[in-house]
Peer 1: 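This is the structure I have questions about; it appears just below.
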Number of protein chains: 2
Amino acid sequence: MFQPGTSKQGKNYQDQHLLFDFEHTSAYVDLREIILTRKEHELLALLVENAGEIVPREVLLERIWGYGKDIRTRTLDVHIRRLRKKLFPFGDTYIETIFGVGYRFQRYREPRSYVNYVPELVAV
Amino acid sequence: MFQPGTSKQGKNYQDQHLLFDFEHTSAYVDLREIILTRKEHELLALLVENAGEIVPREVLLERIWGYGKDIRTRTLDVHIRRLRKKLFPFGDTYIETIFGVGYRFQRYREPRSYVNYVPELVAV
DNA sequence: CACACCTTTTACAAAAGATTTACAAACTTC
DNA sequence: GAAGTTTGTAAATCTTTTGTAAAAGGTGTG
């Protein structure tokens, strides 16, 4: 058993809304427990491990499914969807889609604006 | 996979306003993250690689699109425009047009004061 | 300053990729 | 081995990216 604070180093991920356990298939979104299936857990684990970094489709498909680059499938996308659903209402906040590349888990942070804001230019 | 700040040896370009990652499709203009599409990223990468040097249209069209000298297209110009927009407000500072030849990426340097009057820019 | 030529900008259409839903096959568990 | 759960796939739909055309704006030169 363990006490709060004495968790083994690096076994859990935690932020304001999500508690993720790398060893077990349960997690918490705020105070709600969510049960992840094995694949979902593996997938989220890999993304959380690389929080803030883009993980390319190829890598996910290779590491979790053992698929090579030649295999074309939507399986990953469907699993991402299932994960996002369980992470409600933060699904899209936590799991970002990088179009044409892969996905990225983002540590929770207060919503920011201006991220990709490209204003029109006007001279005065 | 990449986080701002954790640059891996020599994989990034950085100056006062721009952080560009050669491996991934994100970049930072000051503290704003910009997401580049694949083509935009390839294009900027090629220009940044040759910072300070003119890269002829032909070379860009050849290396990024595989187009031969015979092909007449405005595609490159449109992509340059999209890039400049995302690099706001430094689009024209970073990407210079070399009339009749191509484009050149210029490392950021302080504007010279008062020499040339440039009207205020305002976002609407 | 007129002309040819080049670039920028806008708008739109086509192509590529992601999301969503539904369903069937493959596993688990009892 | 029946019932419930998990996983993979197909297909329709939606979104984003990319390419092209055309109009407008610049540049350079005789």
Side-chain angles (χ1 to χ4, degrees), chain A residues 25-27 34-44 46-47 54-58 60-89 91-104 115-116 118-123, chain B residues 24-27 34-44 46-47 54-58 60-88 91-104 121 124:
Chain A
T25 56
S26 56
I34 60 177
I35 306 290
L36 302 174
T37 69
R38 250 174 323 184
K39 276 276 182 323
E40 284 163 5
H41 183 258
E42 285 181 62
L43 179 52
L44 187 51
L46 190 41
L47 290 170
I54 295 167
V55 185
R57 297 180 66 85
E58 297 173 3
L60 294 165
L61 284 169
E62 210 291 318
R63 298 274 297 277
I64 294 175
W65 280 271
Y67 290 175
K69 299 190 179 185
D70 43 320
I71 298 184
R72 182 164 305 121
T73 176
R74 292 274 126 223
T75 299
L76 168 59
D77 307 66
V78 174
H79 276 268
I80 288 287
R81 165 155 165 75
R82 289 168 181 157
L83 258 182
R84 279 176 170 154
K85 220 168 174 180
K86 292 194 177 175
L87 293 174
F88 180 86
D92 295 324
T93 312
Y94 279 122
I95 303 180
E96 217 177 322
T97 301
I98 311 299
F99 196 96
V101 182
Y103 294 94
R104 172 166 57 181
V115 169
N116 222 347
V118 180
E120 292 293 320
L121 287 180
V122 168
Chain B
H24 305 101
T25 57
S26 55
I34 60 177
I35 304 289
L36 302 174
T37 69
R38 264 175 309 187
K39 276 276 179 331
E40 284 163 2
H41 182 259
E42 286 180 61
L43 179 52
L44 187 52
L46 190 41
L47 289 171
I54 297 170
V55 185
R57 299 180 64 86
E58 297 172 3
L60 293 165
L61 284 168
E62 210 292 317
R63 297 273 299 277
I64 294 174
W65 281 271
Y67 290 175
K69 301 192 178 185
D70 43 320
I71 298 184
R72 182 163 305 121
T73 176
R74 290 279 123 220
T75 299
L76 168 59
D77 308 67
V78 174
H79 276 268
I80 289 286
R81 164 154 165 76
R82 288 169 181 157
L83 257 182
R84 281 177 170 154
K85 218 168 172 179
K86 290 194 178 175
L87 293 174
F88 178 86
D92 295 323
T93 312
Y94 280 122
I95 302 179
E96 219 176 321
T97 301
I98 311 300
F99 194 92
V101 183
Y103 295 93
R104 173 166 55 185
L121 290 177
V124 288

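Each chain gets a letter, A, B and so on, in the order the sequences are listed, and its residues count up from 1.
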Peer 1: Could you state the atom-to-atom distance from NZ of B:K85 to P of D:dT17 in whole Å?
Peer 2: 13 Å
Peer 1: Side chain of A:T73, heavy atoms from C-beta onward: which of D:dT9, D:dT17, C:dT9 has the nearest atom to it?
Peer 2: D:dT9
Peer 1: At 4.0 Å (heavy atoms only), tell me whether B:R84 reaches a base, stays on the sugar-phosphate, or touches nothing.
Peer 2: sugar-phosphate
Peer 1: Roughly how many Å is it from CG in A:D77 to P in C:dT21, rounded to a whole number?
Peer 2: 14 Å
Peer 1: Step by step, work out the side-chain contact (heavy atoms from CB on, under 4.5 Å) result for A:T97 and A:D92.
Peer 2: CA-CA 8 Å; A:T97 301; A:D92 295 324; over 6 Å; no
Peer 1: Starting from P on D:dG19, measure out to CG on B:L76 and report it in whole angstrom.
Peer 2: 11 Å
Peer 1: Does A:R38 put a side-chain nitrogen or oxygen below 4.0 Å from OP1 or OP2 of C:dT28?
Peer 2: yes
Peer 1: Counting only side-chain N and O atoms of B:R57, is one of them less than 4.0 Å from OP1 or OP2 of C:dT7?
Peer 2: yes
Peer 1: Please tell me if B:T97 has a side-chain N or O lying less than 4.0 Å from either OP1 or OP2 of C:dT8.
Peer 2: yes
Peer 1: Can you check whether A:H79 has a side-chain N or O nearer than 4.0 Å to OP1 or OP2 of D:dT7?
Peer 2: no
Peer 1: Is the phosphate of C:dG17 approached by A:Y103 (side-chain N or O, under 4.0 Å from OP1 or OP2)?
Peer 2: no
Peer 1: Please answer whether the main-chain N or O of B:I95 pairs with a side-chain N or O of B:R84 as donor and acceptor at a distance below 3.5 Å.
Peer 2: yes
Peer 1: Taking only the side-chain nitrogens and oxygens of B:R74, find out if one of them lies under 4.0 Å from OP1 or OP2 of C:dT7.
Peer 2: yes
Peer 1: Expressed in angstrom and rounded to an integer, what is the separation of A:I35 atom CD1 from D:dG4 atom P?
Peer 2: 19 Å
Peer 1: Taking side chain as C-beta onward, heavy atoms only, is A:I80 less than 4.5 Å from A:L47?
Peer 2: yes
Peer 1: Side chain of B:K39: nearest nucleotide among D:dT18, D:dT20, D:dT27?
Peer 2: D:dT18
Peer 1: In whole angstrom, give the distance that lies between atom CG of A:L83 and atom C1' of D:dT6.
Peer 2: 13 Å
Peer 1: Expressed in angstrom and rounded to an integer, what is the separation of A:L61 atom CG from C:dG17 atom C1'?
Peer 2: 14 Å
Peer 1: Looking only at side-chain N and O atoms, does A:T75 come under 4.0 Å of OP1 or OP2 in D:dT7?
Peer 2: no
Peer 1: Respond yes when some side-chain nitrogen or oxygen of B:W65 is under 4.0 Å from OP1 or OP2 of D:dT18, and no when none is.
Peer 2: no
Peer 1: I want to check something: taking the side chain as every heavy atom from C-beta on, are A:L43 and A:Y103 in contact at a cut-off of under 4.5 Å?
Peer 2: no
Peer 1: Please report, rounded to the nearest Å, how far the C1' atom of D:dT6 is from the CZ atom of A:R82.
Peer 2: 8 Å
Peer 1: Under 3.5 Å, side chain of A:K69 to main-chain N/O of A:E58, donor-acceptor pair present?
Peer 2: no
Peer 1: What is the distance, rounded to the nearest whole Å, between atom CZ of B:R81 and atom C1' of D:dT20?
Peer 2: 15 Å
